Every structure is written in structure tokens, then in C-alpha cells.
Number of protein chains: 2
Amino acid sequence: MSKTKKDVTIYDIAAQLDISVATVSRALRDDPVVSDKTKKRVFELAEKNGYQANQFARSLRQQHTNTIGVIIPRLNSYFMATVIAGIENVANQAGYNLIISQSSESAEREGINVRTMFNNRVDGLLVSLSYLTSNLEPFEKFAKKNIPVIFFDRTPESSSFTNIRINNVQAGYEATKHLLSQGRRRIAHVTISSTQSIYKERFLGYAMALAEFGIPLDKSLIYLADLSMESGTDAAKHLLSLPTRPDAVFVVNDNCAAGLVIGLKAKGIRVPEDIAVVGFNDDPVSRIVEPNLTSIHYPGHQMGELAARSLINHLTGAGDIMLTQTILLRSDLVIRQSSGVPVPSR
Amino acid sequence: MSKTKKDVTIYDIAAQLDISVATVSRALRDDPVVSDKTKKRVFELAEKNGYQANQFARSLRQQHTNTIGVIIPRLNSYFMATVIAGIENVANQAGYNLIISQSSESAEREGINVRTMFNNRVDGLLVSLSYLTSNLEPFEKFAKKNIPVIFFDRTPESSSFTNIRINNVQAGYEATKHLLSQGRRRIAHVTISSTQSIYKERFLGYAMALAEFGIPLDKSLIYLADLSMESGTDAAKHLLSLPTRPDAVFVVNDNCAAGLVIGLKAKGIRVPEDIAVVGFNDDPVSRIVEPNLTSIHYPGHQMGELAARSLINHLTGAGDIMLTQTILLRSDLVIRQSSGVPVPSR
DNA sequence: TACAAAAATGTAACCGATTACATTAATTTT
DNA sequence: AAAATTAATGTAATCGGTTACATTTTTGTA
């Protein structure tokens, strides 16, 4: 096995140029205190020798890593991909690296990831919580060391951290109200049994809209799924087995809604004529399933950019910025065929 | 702003226990040479003080990071999510961290990512190439330093690195042959103009199948798309504008195939009666679009596990393991309604 | 009891950068 | 031309672990 060549260090460069490592170090970081002549010599030799700074030595000394940790539940949704793209945009621009890891919707795995990020001394953390996270204890370490943590989308119910999300109550309200305004009165709700407030809030919006129309909440119309496509199909079966069928369903997630639509159609139910459906997230799947899904759209890319930008501001910003804040992004109902409104075909 | 407390180091622990840092260091790593009594004392104090090892100091000294870099074109496909889950499984188990970044199908961005990974001294690299990568020069650094790089799925045409992929020629051949065996004779092909051999190979399989049936290759039936859903719809428009319509289409990607199906249906074409469609990847979308897509399935999770396992073997393994190899995974045609075979409804 | 071997611990160099402080060189000012 | 500034470079400590080698302590054996 061929011997790996040693890396070239600033010591090598200093020796070859017969100057001190300090000057080399400064030259490489373009410190104005170094003369242009010397800089040029250093740059050229560094380039020639393929010098690469050793990040560990640097991090060890500087006590920061220029790295941002990102922890998300799953990599496989279009929405998350969009958010991450937004984060990357901003982070790369500002010279930060990203470490991404997924909790796979497990609170335990999430805890491990948080710990790993902590050990790797990320400068800050961007997190969207798993379904099952119930305590924020793993994040306390960050708070204690004054390392900023920002939650986005699936944010904790209450905490001393910054949150970036949409108004889920309102979104749930709008989705439900839309169905009500279509004349639907028996509206089911498919959601997940989760500690995540985001789903509780959507439910709350749903309940509020019903209340506004004087419709009592019917527990039998609430179906708890895991929000997979398959669980949507199961939800369809369940809802159809009810003594009195619903005439509409509000699902908290498009994938699941798509499964639901497929399940309904398989049983000969017409969507939206017999049962109208509204989803959530405006995933591309909403434009593939037939009929296309009415859904709640909200800006993932922007959310990612905002989260990253806020974090980096915390990191570089002067002044006391550890204060709690919640940033609310706007969400919109996108009306398509599944909710029973005639949409002009293009 | 509250002052950040200094981290506790092995020096603190050593001082408090009145032993040397060397012993503390060894104890913490459970070195058998340290007595159980001492270990216990060290562990307890470390726990009590919330000691966290400084990874930089460790990496700086040990010259490795226990980190694996993963570079993929996009995070937003189901297939990739599956692969990554597989990689994570193995990596976590073996105590490796992951740094994931996406090239966004840009060769330039990919190059930057490779460089970043290199600077961060990942122990190894797992890569699926962008559409546009034409030269492997950025990876040479890794080769030179004897850091293992493994390509998966979208592997380079030829290189001295290890590749893990499927037999794309055969898969393309099977997809096309399936359509031929359904009696289709005018089969279009939607693919991408890419330097990636994987698409060239699928095309080759397509061409081989046609040749086997004595059908000359008709260039007008080849449509170059960007493989997005929208581009699939464009492809539909194009194919329908042809003087003689195709009676089948083989699309190299399910998303694009879904868009194609939607486009065809919008023009009143029946799928599969008028035009049969076969996709690629067995993405969940294949089970949502109507009719469901016949597609090529291959095991993403397994591919990820295998890639990670191979890499870690390279890393820990004894002996000379820098030799080139290509691992071929099995792929299967999954027949659904879109290709015109009656499928018993369940 | 004395000595050899094994077990446990300690010393100090090292990994590669950064940076406060000191020193020397080049310009300006008087 | 000497003194005062300013610019450029150098010295050496530091970040927090790891580990080769040395030393001390314990245990086992003759």
C-alpha cells in the first residue's frame, strides 16, 4: 500500500520561504498587515504545493467551526428538500458548512443526533422536530453554552429558542372553512397522534371553523394515521365504514391525502362529488393524484433561508440576540379539484 | 450577555483527581491498561462535570475524523432518501458521522462540495454524480491521498474508484422488451442529455431491444427532457405532435413519466390503450398516477448500506483494498397498469 | 525475602493553526 | 541626521486531546 504523503502545512511553506509561520498564517488569511510582496510569495507556493488548511487545528484554536448542524425528521419529502435548499443557499454564501442528519421520526435518534452535533461543536443548530419529541432536554446543552438553536416548521410548543413556522391554527381553519363554504358539513380530520404542536394546532383550526358554523365536534370523524400514503388508504377504509359517511376530509399532509383519495376511489367513491379532500404542504404529489389536491402551500425555500439567515445573524451579530422570538410565515390555500370547486382547465 | 462557561477538559479532570491527563485520556477511551478503580473515578467525575471530548483536538492528533462525506445530486427523490437511510444505518452503527451535501445537479457545486469535504478531512466519500459531471478531477485529491471514494447509482463511466450500481443496459433492455412483448412497435424514449453513463446505458438497452425485434432506431422518437414532472408533460406534447404517434414510451425516471402520463391524458390519449408507458425507479409516484406506472425497481436502501459498508471496510480493513471494483445490484421490472398488461385489482 | 514480570501511571512531544506581544525594518517628521 | 512613527515580521504560548516511551507500583515466583 502506497504511503500517504504528508499534508503540506504552514510550517513547510514558512521553511521554504524562510519566514515565520505567523507571517504565513497571516498571509493566507489575507491579513492587511502582511506586505503584498510576501503575500504573493506565500500564495504562490501554497498553490504550487496544494496547501489545504487544517480545519481542526483552526477550529481547535478558534473555538468555532463554521459549521451549522441541521436535524430534520426525514429527508424524503419535497418540502424538506426545499427547506434544505434554502438553508444551503444562505449557509454556503456566508461560508458555513452544513451537517445534515435525520431523526427518522424517532425522539431517541434525534437526541443522539443532537449530541453528535454538540460534540462536533457546530456553531449553531437548525431543527425540525420529530413527531415524537416530547422533551427538549437534549437541546439544553446548547442553551447552556449559548449556542443558538432555531426550530423551523415543527417547532416546540414552548421554549426559549427561536421558532420559524406558519400559523397552523389559521391554516387548519382556512382549510376547513373552505370545505364548509363548499357546503360540506360532515368533515373528517386525518392527523397523527403526535406531541408536535403543529398538528394539534391544525386540529384546533379545524375545530374552530366547525364551531363557527355551529357544528359539534364528532370524535368518530377524527382518524389517527401515521401520515404515510398507506395510512391514507387505511383512513379511507375506516371513514367509509362509518355509519354515516363524511362528505369531506381535511388531511394534515399531502402524501397521506393522496393515499386517501386513492383508497376512496378504489371503493367507488367520487372525489370531490361524494367526498371532498383538502391536504397540506402543496407537495408535487398534489398535482399528480386525480383529482389534484387542494392544499395549504407555504414557502419551504424561504423558511430555510430565513432560518439560516437568522442563525448566522445570531452568530456574527453584535449585541444581545439570544432573545426568544417566533417568526410566522404566510401560508395559502391552493384550491384544486379535490375540494369540489370547479377549476377552469388550462 | 452571559459569559459562556469554559468547557471541561481532561486537564480539569486530571487536576481534580490528581492524576495525569494521559490516564484520564486512556480511561475515557476505556483503555484496558487503566485500572477499573481509576476508570470509575474518571467516568464519574466526567459525567458529573458534563465532560465532552473535543473532536478537533482528537482529529488533529489522530489524523482522522470518523466522518463520511456524502454528495448527492438532490435530496428530494424518494430513491435518494432511501439510499441515505441505508447509509445512515450502517454508518451510525459503526460510529461514523455523516456530512451530506447536494450538488443540485451542478458540476461546479459538486466540485465545491468535494473540496469542502476534502478540507474537512472526511475519512471517505460516497458520491452519486450530477447529470453534468464530465471530469473527475476534483476527486483526484482523494485518490492521491489514498482516501477511499465510492460512487453509487450515478457512477462515472470509467475510473479507478469503486462503483455500486445496477446494470442499466439490462434494465433498459427489459423495460423496452416488455413493451415490445406487449405488441408495441413504435416506442419512444424520454431521457436526458447527460454525461452520465447511466442514461446512456439505459438508452443502449432500449436500442438493443429494438434491434432484437428488427426495429430501426428512429431518432425522432427520442426526446430529451430535464426529467422534471413538467418536462414529462412537455414530452407528451412533443410526442403527440409527431406525424406518426408512438404507441409506447420508455421514460428513464418516474417523476418525468408521471408528468408524461398526465400530459397524455390531458390531450385525450388513453394510457395504456393508445400509448403505454414504462418508467424507472419505482418511486411512490408510480403508485399514485393513474394508471399506475410500470417501472424498474432497484434497492436503494441496500445500495446505501452496501456503499457505506464497503467504505467502512476500506477504512478499517487490513490489507490492500484500494482496488477497483464494480458491484452490480439486481433490478426488477415491476409491472403495473401503465404498460398495458391487465393487472388483477386487489 | 529478593527478584522478575506484569500492571498502572506519568512525562512530554506532537498534531497545525492562531494571535498577543516583542522586535526589527522602512518611512516621516523635525 | 536623529528621533518618532508606522509597517512588517518574528517568538512563543495556546487550543485539547493522543501516544511513544519512561517510571513507578503491584503481583507472582523462585
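This structure is a prediction, so every number in the text was calculated from the model and none was measured. Below, read A as the first sequence line, B as the second, and so on, with proteins coming before strands; counting in each chain starts at 1.
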From the list [options], which nucleotide is the closest neighbour of the side chain of [X]?
| X | options | answer |
| --- | --- | --- |
| B/Thr38 | C/dG16, C/dT9, C/dT19 | C/dT9 |
| B/Tyr11 | C/dC15, D/dG17, C/dT18 | D/dG17 |
| B/Gln62 | C/dG10, D/dT18, D/dA8 | D/dT18 |
| A/Val34 | D/dA12, D/dT9, D/dT19 | D/dT9 |
| B/Asn54 | D/dG16, D/dT9, C/dA17 | D/dG16 |

Is there a donor-acceptor contact under 3.5 Å linking the side chains of [X] and [Y]?
| X | Y | value |
| --- | --- | --- |
| A/Gln196 | A/Thr133 | no |
| B/Thr38 | B/Ser35 | yes |
| B/Asn97 | B/Thr67 | no |
| A/Ser130 | A/Glu105 | no |
| A/Ser103 | A/Asn113 | no |

Check the distance between [N]'s [atom2] and [X]'s [atom1] and give it to me in whole angstrom.
| X | N | atom1 | atom2 | result |
| --- | --- | --- | --- | --- |
| A/Arg121 | D/dC15 | CZ | P | 14 Å |
| A/Leu17 | D/dG10 | CG | C1' | 15 Å |
| A/Asp30 | D/dA8 | CG | P | 13 Å |
| A/Ile13 | C/dG16 | CD1 | C1' | 12 Å |
| A/Asp31 | C/dT18 | CG | C1' | 11 Å |
| B/Ile19 | C/dG10 | CD1 | C1' | 11 Å |
| B/Asp12 | D/dC15 | CG | P | 11 Å |
| A/His64 | C/dA17 | NE2 | P | 15 Å |

When you measure from the side-chain N and O atoms of [X] to the phosphate of [N], is any distance below 4.0 Å, counting only OP1 and OP2?
| X | N | value |
| --- | --- | --- |
| B/Gln63 | C/dG16 | yes |
| B/Ser20 | C/dT9 | no |
| A/Arg29 | C/dA17 | no |
| B/Thr23 | C/dA8 | no |

With a 4.5 Å heavy-atom cut-off, do B/Leu329 and B/Leu306 have their side chains touching?
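B/Leu329 reaches B/Leu306 side chain to side chain.
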What nucleic acid atoms does B/Ser35 come within less than 4.0 Å of, heavy atoms only: base, sugar-phosphate, or nothing?
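Sugar-phosphate, backbone atoms only, no base.
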Contact nearer the 5' end of DNA chain C, comparing B/Leu60 with B/Pro32
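Nearest nucleotide further toward 5': that of B/Pro32.
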5'-most contact on DNA chain C: B/Arg61 or B/Asp36, nearest heavy atom basis?
B/Asp36
Which class fits the ring pair A/Phe56 and B/Phe56: parallel under 30°, tilted 30 to 60°, perpendicular over 60°?
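Correct class here is parallel.
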Heavy-atom donor-acceptor pair, A/Arg26 side-chain to D/dG10 base, under 3.5 Å
yes
For the student: nearest non-hydrogen atoms of A/Ser310 and A/Ile150, plus distance
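It is CB-CD1, 3.5 Å.
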Starting from the first five and the last five pairs of the helix from C/dT1-D/dA30 to C/dT30-D/dA1, work out the angle between the resulting helix axes, to 10 degrees.
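Answer for the end axes of this duplex: 50°.
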